[in-house]
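Take a look at the structure below.
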Amino acid sequence: MKFKSEFLHEFSERGFLYQCSNFEALDEYLNSHKNAKAYIGFDATADSLHVGHLTQIFILRLFQKYGYTPIVLIGGGTTKIGDPSGRDKSRSMLTNDQIAKNIEGIEENLRRFFKFDCENKPIFENNDRWLSNITYIDFLRNIGAYFSVNKMLTLEMVATRIHNNLPLSFLEFSYSLMQSYDFLTLFDKYDCRIQLGGSDQWGNLVNGIDLVRKLRNSEEAFGLTSPLLTTSDGKKMGKSASGAVWLDKNKFSVYDFWQYWRNVSDLDVIKFLKLFTDLPLDEIEKLSKLQGHELNEAKKILATEVTAICHGRDAAEQALRESQKIFDQNSLDVNNFSLEVSEHDIKDGISIIDILTKTGLAESRGEAKKLILGGGAYLNDAKITDINHRAKIEDFVNNSLKIASGKKKIKFVKLN
RNA sequence: GGAGAGGUGGCCGAGCGGUCAAUGGCAGCAGACUGUAAAUCUGCCGACGUAAGUCUACGAAGGUUCGAAUCCUUCCCUCUCCA
C-alpha cells in the first residue's frame with residue numbers, strides 16, 4: 001500500500017501494520033496535521049514491562065520520530081478491572097498499592113525510549129485520574145447509553161468466553177467501555193485522534209472510535225493496530241530460559257537481555273531487525289541475504305541494536321564484548337560475577353550444588369542435582385557428574401570460576 | 001429462586017477408597033546433532049534428603065475409615081437448563 005504520510009509508510013514497511021479503521025482518512029489526517037497525537041494504553045499489572053510490550057513502545061517511538069506527539073496511557077484505573085482480552089480466566093485483582101508501585105516501574109521503563117528535549121515530547125497519562133472519580137449513574141448516562149450490548153456480545157473476547165462456557169464478570173465486560181471512555185477523554189483533553197494497539201485490541205479500539213464519533217460528532221478518530229507478535233514457532237514473545245524478559249535491568253540483566261536477542265530463531269531475525277532497531281531498511285535488506293551460520297552476525301547486530309535502545313549504547317557494547325569473550329574466545333576474563341566468595345569460604349572447597357543454586361542457575365538443590373545427573377553442569381568447561389563435587393581454590397583461574405548450566409547459561413564466581 | 005454438572009500439578013486433562021506425588025498432552029530444563037538457530041531423538045520435570053524416607057499438594061473447612069484426590073457434611077466458586 002502506498003501512503004502519503006511518511007510515518008505510515010515506514011510503519012508499514014517495518015511490519016507494524018495490521019488493521020486500520022480507515023486508511024485513506026488516517027493517511028490524510030497525518031499528512032495534514034503535524035501536531036497529531038496518538039496513544040497506546042499499558043496495563044499496570046507488573047512492576048516492569050517486558051519484551052512483549054516492545055512492539056507498542058517502538059510504534060510510539062516511530063510516531064515521535066516523525067514529529068507527532070505520543071501519549072503513553074498507563075491503565076492505573078483499568079488495571080483495577082482487568083482486560084479480559086486474550087485470557088480465558090479472570091485476572092486476580094491487584095491492590096491499589098501494588099498498582100501504584102507498578103506504574104512507577106513502568107514509567108521508569110518507558111522514559112528511556114523517548115526524546116524529552118523537544119516540542120513533541122511524550123505525554124504520560126494515567127486513566128485513574130478520570131476513571132476513579134466518575135459516578136456510576138453518570139457513567140451509565142453519558143457512556144453506557146451509547147453501547148449496544150448486542151454488539152458487545154460479538155466482541156471476540158466476550159464471544160470466546162461465552163462460547164467456551166467460561167466465566168465473564170460484569171466487571172470485565174465493562175472493560176471495553178472504560179477503554180472507550182479513555183479515548184473520549186484524551187480526545188477532549190489533548191485532541192488525540194488516534195488509538196494504537198495490538199490486534200487483540202481491535203474490538204476495544206472500534207468501540208472507542210464509535211463513542212468519539214457519536215458524542216463529538218467527529219469523523220476524525222482512528223484506530224490502528226499492529227500484528228500480535230509471535231516467534232516463528234508460534235509462541236508468544238518474551239519468555240526465555242530465565243523467565244519473562246523484563247525491560248528493567250534489575251529484574252533481567254543487560255547481558256541476559258542481549259543473549260535473548262542473540263538466540264532468536266533464524267526465521268525471526270530480519271523481522272525483528274525491522275521492528276526493533278533503527279537500522280535503515282536497505283541495510284536490513286543486505287543482512288537478509290545472509291545464509292546459514294552467517295545469520296549469526298545478523299543476530300549479533302540485532303542483539304546489540306535492540307539492547308542499545310533499551311539499555312543504552314554503552315551497556316549494549318559491553319554485553320556484546322562479554323558475550324564474545326565467553327562464547328568466541330572462551331575467556332574467563334569477565335566482569336559480571338554472579339557470586340563472590342572469600343578464601344575462607346572455600347578452604348574446604350565449595351559444593352557444586354551450592355554454586356549452582358547461589359548463582360541462580362538452579363532454582364533449588366533438587367534441581368541442581370537433576371542438572372548434574374542429566375549431564376548439564378559444567379565447571380570451567382568440564383562436565384561434572386558427581387553431585388558431591390566440590391570446587392577448590394585451585395579451580396579458580398585469575399580468581400574467577402566459570403560455571404554453566406548447559407551451553408548457554410553461564411555464570412562466574414569471583415574469589416576475593 | 002429451582003434443577004443438574006463441575007472445581008486435580010504452569011496450562012489442558014485422566015483418575016473416582018489402598019499399588020496416587022497422581023496416566024497422557026502442551027509448556028519448561030538438560031543431553032545428542034548443529035551455527036549460542038530450527039527440526040528430530042533421549043532423559044528430567046512438587047520440596048528437602050547421598051539414600052531409606054520425610055513433608056506439602058487434587059476449591060476451603062470438618063467428618064467416616066487402619067487408609068481419602070476418590071465416601072459424607074457444610075461453605076466458597078464456575079457453567080448449563082428452567083422460572
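Letters go in sequence order (proteins before strands), and every chain restarts at 1.
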Which whole-number value in Å describes the distance from Leu295(A) CG to A38(B) P?
13 Å

I want to check one thing: is the phosphate of A47(B), taken as OP1 and OP2, less than 4.0 Å away from some side-chain N or O of Lys370(A)?
yes

Hey, are Lys189(A) and Glu125(A) close enough for a salt bridge, meaning a charged N less than 4.0 Å from a carboxylate O?
yes

Classify the nucleic acid contact of Glu367(A) as base, sugar-phosphate or nothing, counting any heavy atom under 4.0 Å across all strands shown.
nothing

Between C45(B), C29(B), U50(B), spot the one nearest the side chain of Ile387(A), thanks.
U50(B)

Rounding to the closest angstrom, what is the interatomic distance between C44(B) and U56(B) at atom P?
27 Å

When rounded to the nearest Å, what value does the distance between C1' atoms of G10(B) and C45(B) take?
12 Å

Flag the pair Lys65(A) and Glu10(A) as a salt bridge only when some basic side-chain nitrogen lies within less than 4.0 angstrom of an acidic carboxylate oxygen.
yes

Let me know the distance between CD1 of Ile372(A) and P of U50(B), rounded to the nearest Å.
11 Å

Does OP1 or OP2 of A38(B) have a side-chain N or O of Ser265(A) closer than 4.0 Å?
no

Without decimals, in angstroms, what is the distance between Leu356(A) CG and C44(B) C1'?
15 Å

What does G6(B) pair with, Watson-Crick or G-U, if both distances are under 3.5 Å?
C77(B)

Please give, in whole Å, the distance from U50(B) C1' to Ile353(A) CD1?
9 Å

When rounded to whole Å, the CG to C1' distance for the pair Leu302(A) and G35(B) reads 16 Å

Any Lys/Arg nitrogen of Glu305(A) or Arg313(A) sitting under 4.0 Å from an Asp/Glu carboxylate oxygen of the other?
yes

Find out whether Ile403(A) and Leu361(A) are in side-chain contact, i.e. whether some heavy atom of one side chain is under 4.5 Å from a heavy atom of the other.
yes

Both distances below 3.5 Å, Watson-Crick or wobble geometry, any strand: find the nucleotide opposite A37(B).
none

Please measure how far the C1' atom in U64(B) lies from the corresponding atom in U74(B), and state the result in whole Å.
15 Å

Taking the P atom in each of U8(B) and G59(B), what is the distance between them to the nearest angstrom?
6 Å

Distance, rounded to the nearest Å, where Lys299(A) contributes NZ and U36(B) contributes C1':
8 Å

Closest-nucleotide mapping onto RNA chain B: is Gly366(A) or Ser323(A) further toward the 5' terminus? I mean the 5' end.
Ser323(A)

Can you tell me which nucleotide in C48(B), C29(B), G49(B) comes closest to the side chain of Lys369(A)?
G49(B)

Answer for the Watson-Crick or wobble partner of U19(B), both distances under 3.5 Å, is none

Rounded to the Å, how far apart are Leu361(A) CG and G28(B) P?
19 Å

Closest nucleotide among A32(B), A30(B), G35(B) to the Ser405(A) side chain:
A30(B)

Has the side chain of Asn388(A) got a donor or acceptor atom sitting under 3.5 Å from an opposite partner on the base of U50(B)?
no

So does Lys300(A) get a side-chain nitrogen or oxygen closer than 4.0 Å to the phosphate oxygens (OP1/OP2) of U36(B)?
no

Does Leu371(A) or His293(A) map to a spot on RNA chain B nearer the 5' end, using the closest nucleotide for each?
Leu371(A)

Testing A30(B), U50(B), G35(B) for proximity to the side chain of Arg365(A), the answer is U50(B)

At under 4.0 Å between heavy atoms, what does Val264(A) touch on the DNA or RNA strands: base, sugar-phosphate, or nothing?
sugar-phosphate

Carboxylate-amine/guanidinium contact Lys409(A) Asp256(A), below 4.0 Å
no

Calculate the interatomic distance between Asp328(A) atom CG and U36(B) atom C1'; express it in whole Å.
9 Å

Same-atom distance (C1') from G15(B) to A22(B), integer angstrom
8 Å

Sticking with atom C1', work out how far A51(B) lies from C58(B), rounded to a whole angstrom.
28 Å

Tell me what Gly292(A) touches on the nucleic acid: a base, only sugar-phosphate, or nothing, going by heavy atoms under 4.0 Å.
base

Return no unless some side-chain N or O of Tyr378(A) is found under 4.0 Å from OP1 or OP2 of G31(B).
yes

Measuring from the side chain of Lys408(A) (C-beta onward, heavy atoms only), which nucleotide among G31(B), C29(B), A37(B) has the closest atom?
A37(B)

With both distances under 3.5 angstrom, what nucleotide forms a Watson-Crick or G-U wobble pair with A47(B)?
U54(B)

Lys/Arg N to Asp/Glu carboxylate O, Asp328(A) vs Lys300(A), below 4.0 Å:
yes

Taking the side chain from Asn109(A) and the backbone from Leu49(A), do they hold a donor-acceptor pair closer than 3.5 Å?
yes

Taking the basic N atoms (NZ, or NE/NH1/NH2) and the acidic carboxylate oxygens, is any pair closer than 4.0 Å for Asp381(A) and Lys402(A)?
yes

Could you work out which one of G35(B), A47(B), U36(B) sits closest to the side chain of Arg262(A)?
U36(B)

G-U wobble or Watson-Crick pairing nucleotide for G67(B) (cut-off 3.5 Å, both distances)
none

Nearest-angstrom distance, P atom, A60(B) to A3(B):
26 Å

Take atom C1' in A69(B) and the same atom in G7(B), then report the distance between them in whole Å.
12 Å

